[in-house]
Amino acid sequence: MIYDVLLVGPPVSPRSLAEALAGAVRTEGADIDVADRDGDQSRRDWTAPVLCGYLGLRGDLSLELDIYVEDALVNEAPAEPELARRLAMALGVPVLYPAEEDLPSAYWLATSSGESVRARLYASDDEPPVYTIDAVESAVAQLPHLRVSDLPEIARKKGDR
């Protein structure tokens, strides 16, 4: 199973990521390799059943995570929304994951309290880009500065299907 999620707020340590992933996929002692995607890849444990590469981001987001879980070697490989919810709860930071709609700005935001709300995410044209969570459909206690708004483009896209 492959997951692509984004962490909101302050960055977390590789050790914290590994511990949170162990709980999220319920590995029960299986190895987890967490490494900076821009770091030395020769030190990675490519045989680990859970691999996580991370990349630092700017703006409202701190880290982009690419996670690979070898289904046969772990007890449970949850769907992406459940993995995001478990990571948010374990790490204490909100986690964004892509919505089902084919819109580049449409996301779900899993909170550390276990809830998920719709979110709109934009990336600047800068290099590297600056990420901004433009709006959420309902208030998020951890992110009180975010604008609460309807996200009509998501409703229109759902109606198009």
Side-chain angles (χ1 to χ4, degrees), residues 1-39 41 43-57 59-123 131 133-143 146 151 153-155 157-158 161:
M1 190 92 156
I2 297 173
Y3 306 94
D4 295 306
V5 297
L6 306 163
L7 300 187
V8 180
V12 298
S13 71
R15 181 182 182 96
S16 294
L17 278 175
E19 290 171 0
L21 282 167
V25 298
R26 298 192 167 94
T27 59
E28 294 188 14
D31 290 336
I32 297 175
D33 177 79
V34 176
D36 185 336
R37 288 191 339 219
D38 290 337
Q41 300 300 299
R43 295 183 176 195
R44 298 206 58 183
D45 178 4
W46 294 105
T47 63
V50 180
L51 299 170
C52 176
Y54 63 86
L55 181 65
L57 301 175
D60 291 337
L61 306 181
S62 59
L63 293 174
E64 176 182 357
L65 305 180
D66 297 324
I67 303 163
Y68 169 76
V69 177
E70 191 173 328
D71 295 333
L73 297 180
V74 296
N75 293 336
E76 179 183 349
E80 193 163 54
E82 181 62 16
L83 177 90
R85 187 185 68 77
R86 290 177 187 178
L87 285 177
M89 291 173 64
L91 294 169
V93 298
V95 176
L96 281 170
Y97 60 96
E100 309 80 37
E101 295 80 18
D102 188 22
L103 294 170
S105 62
Y107 282 82
W108 284 96
L109 182 119
T111 69
S112 61
S113 64
E115 301 170 325
S116 290
V117 301
R118 292 287 194 150
R120 182 187 301 129
L121 177 69
Y122 290 128
Y131 293 91
I133 300 174
D134 177 64
V136 289
E137 279 194 323
S138 58
V140 176
Q142 287 179 280
L143 304 167
L146 292 182
L151 303 178
E153 70 277 12
I154 295 172
K157 189 67 176 177
K158 283 195 284 190
R161 290 186 176 200

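All values derive from a computational prediction rather than experimental measurement.
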Would you indicate whether the side-chain heavy atoms of [Y] and [X] approach each other to under 4.5 Å?
| X | Y | value |
| --- | --- | --- |
| I133 | L109 | yes |
| S16 | L91 | yes |
| D31 | P49 | yes |
| Y97 | P81 | yes |
| L146 | D134 | no |
| I2 | D66 | no |
| L55 | D38 | yes |
| L121 | L61 | yes |

Verdict with reasoning, L7 to V12, per side chain to side chain contact (heavy atoms under 4.5 Å, CB included) = CA-CA 9 Å; L7 300 187; V12 298; 3.7 Å; yes

So, for [X] and [Y], which heavy atoms are closest and what is the spacing to 0.1 Å?
| X | Y | value |
| --- | --- | --- |
| A119 | V136 | CB-CG1, 3.9 Å |
| W108 | A99 | CD1-CA, 3.8 Å |
| G53 | R44 | N-NH2, 4.1 Å |
| A88 | A110 | CB-O, 3.5 Å |
| V93 | V8 | CB-O, 3.4 Å |
| P78 | R86 | CG-NH1, 3.7 Å |

message = Please report the interatomic distance SG(C52) to CD1(I32), rounded to the nearest 0.5 Å.
response =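 Rounded to the nearest 0.5 Å, the SG-CD1 separation comes out at 9.0 Å.
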
request  = First locate atom CG of L6, then atom OH of Y107, and finally report the distance between them rounded to the nearest 0.5 Å.
outcome  =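 Taking CG in L6 and OH in Y107, the distance rounds to 5.5 Å.
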
query = Thinking salt bridges, do E100 and R118 make one under a 4.0 Å N-O criterion?
reply =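 Counted as a salt bridge, because a side-chain N and a carboxylate O are separated by less than 4.0 Å.
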
query = Under a 4.0 Å N-O cut-off, is there an ion pair linking R120 with E137?
reply = no

Where the side chain of [X] meets the backbone of [Y], is there a donor-acceptor pair that is under 3.5 Å apart?
| X | Y | result |
| --- | --- | --- |
| D33 | L51 | no |
| E70 | Y68 | no |
| Y3 | V69 | no |

request  = Give the intermediate values and the outcome of side chain to side chain contact (heavy atoms under 4.5 Å, CB included) for residues Y54 and D36.
outcome  = CA-CA 5 Å; Y54 63 86; D36 185 336; 3.6 Å; yes

task = Take L65 and L21 through the side chain to side chain contact (heavy atoms under 4.5 Å, CB included) test and state the conclusion after the steps.
result = CA-CA 11 Å; L65 305 180; L21 282 167; over 6 Å; no

request  = Could you walk me through whether E80 and R85 pass the side chain to side chain contact (heavy atoms under 4.5 Å, CB included) test, one step at a time?
outcome  = CA-CA 9 Å; E80 193 163 54; R85 187 185 68 77; over 6 Å; no

message = Quick check on side chain to side chain contact (heavy atoms under 4.5 Å, CB included): which of V95, L63, L96 does V5 satisfy it with?
response =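 Of the listed options, the one satisfying the test is V95.
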
inquiry  = Regarding Q142 and T111, do their side chains bring together a donor and an acceptor under 3.5 Å, going by distance alone?
reply    = no

